[in-house]
Amino acid sequence: MIHRVEEITRIGVFTSGGDSPGMNAAIRAAVRTAIYKGKKVTGIYHGYQGMIDNTMFDMDSRSVSSIIQMGGTMLKTARCMAFKTPEGRAIAYEHVKAAGIDALVAIGGDGTFTGAEIFSREYDIPVMCIPGTIDNDLNGTDLTIGYDTANNTVIDAIDKIRDTAASHNRLFFVEVMGRDSGCIALNAGIAGGAEAILLPEKDTAIDELIDMLAQGADSNKSSMIVIVAEGDKNGGANNVAKRVKEKFDYFDTKVSILGHLQRGGAPSSADRVLATRMGYAAVNELLKGNSRATIGVRGSEIVTTPLEEALSKKELKLNEDLVEIAKIMAI
Ligand code: F6P
């Protein structure tokens with residue numbers, strides 16, 4: 001969608017859905033780029049919910065001082081059900097219009113993208129999305145903001161668990177985030193040297209897992225770590241541990257669910273730079289007349305993909321090479 005660039009005087013910025021480390025760096029970059037280009041900026045609290053509740057405020061360069069190193073999002077976030085209804089979006093639009101906002105920068109995951117696509121079409125308002133989620137599960141980009149930091153957090157946890165697992169000769173099941181995406185589990189599993197990784201995208205039968213663990217025991221492994229993505233079809237780490245123990249009780253077994261600590265913390269250097277590049281690109285694309293698209297990174301290049309295209313390809317392919325590598329590294 002192309003719009004008249006000279007009509008953009010004020011850009012609204014918001015974060016929506018699950019927070020991710022680096023969102024603040026993206027906000028900062030979008031705000032400062034817009035101001036540098038002579039535009040006004042409105043911050044919208046709590047994403048789409050804030051549009052409905054009319055919780056917005058003027059931002060300047062100092063509004064985003066000292067946030068680049070902070071996890072979470074200074075603009076707060078929410079998963080907003082009301083915005084899924086035409087009535088909710090109508091109220092949101094009234095508030096956006098009243099605030100003088102001519103274009104939007106939306107930072108979040110697929111729910112955020114879906115809302116942005118509908119809203120932009122319904123009310124003819126230019127919007128540019130930035131992929132912010134620890135899950136790395138969006139089309140149109142190789143990497144999402146927060147994924148690198150979350151991986152580092154998980155690896156740090158796995159390393160610590162390995163110390164105690166090895167000391168006690170235990171088998172640990174570590175549950176990581178990823179309802180539909182095994183990216184964190186696979187990546188952190190490889191980097192953390194896991195013996196097995198259970199992913200939402202793959203059906204691993206419990207007997208198959210037990211065979212792998214038994215082989216490990218036969219080859220003199222004295223402790224083991226299994227990474228379980230929360231969306232694994234076997235029903236999470238507690239279930240997997242219980243079912244394994246019923247048939248294979250060679251090891252003392254423990255479960256550790258990492259939970260929301262994976263979402264927090266200071267963003268890594270890679271996430272800060274990625275977020276900064278994306279925030280800058282989002283505003284520039286809007287000011288070039290581009291809209292209803294997402295910023296992404298392919299290799300080292302910043303790219304844009306129409307939201308319609310990014311949202312239509314639902315299935316993201318797991319990197320089969322990584323799956324194979326993880327298996328070989330566990331022998
Ligand atoms: O989408 C990011 C994510 O952290 C998922 O990995 C996880 O399943 C979900 O959000 C948890 O959402 P909530 O914080 O709303 O419980």
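One-based numbering, in listed order, for ligands and for the atoms of each.
Looking at every heavy atom in both residues, G22 comes nearest to P267 through N-CB, 3.6 Å. Between A103 and L286 the shortest heavy-atom distance is CB-CD1, 4.1 Å. Closest non-hydrogen pair, F113 versus C129, comes out as CE1-CB, 3.5 Å.
Atom OH of Y250 sits in a sparse spot, with 12 or fewer heavy atoms from other residues, nucleotides or ligands closer than 6.0 Å.
Within 4.0 Å of ligand 1, counting heavy atoms only, the contacting residues are R79, T133, I134, D135, M177, G178, R179, E230, H260, R263.
For D156 and T153, the side-chain atoms include no donor-acceptor pair closer than 3.5 Å.
Listed by first then second residue, pairs satisfying side-chain hydrogen bond (donor to acceptor under 3.5 Å, both in side chains) with a partner in residues 193-213 read E195-K221, K202-E320, D207-K247, not counting sequence neighbours.
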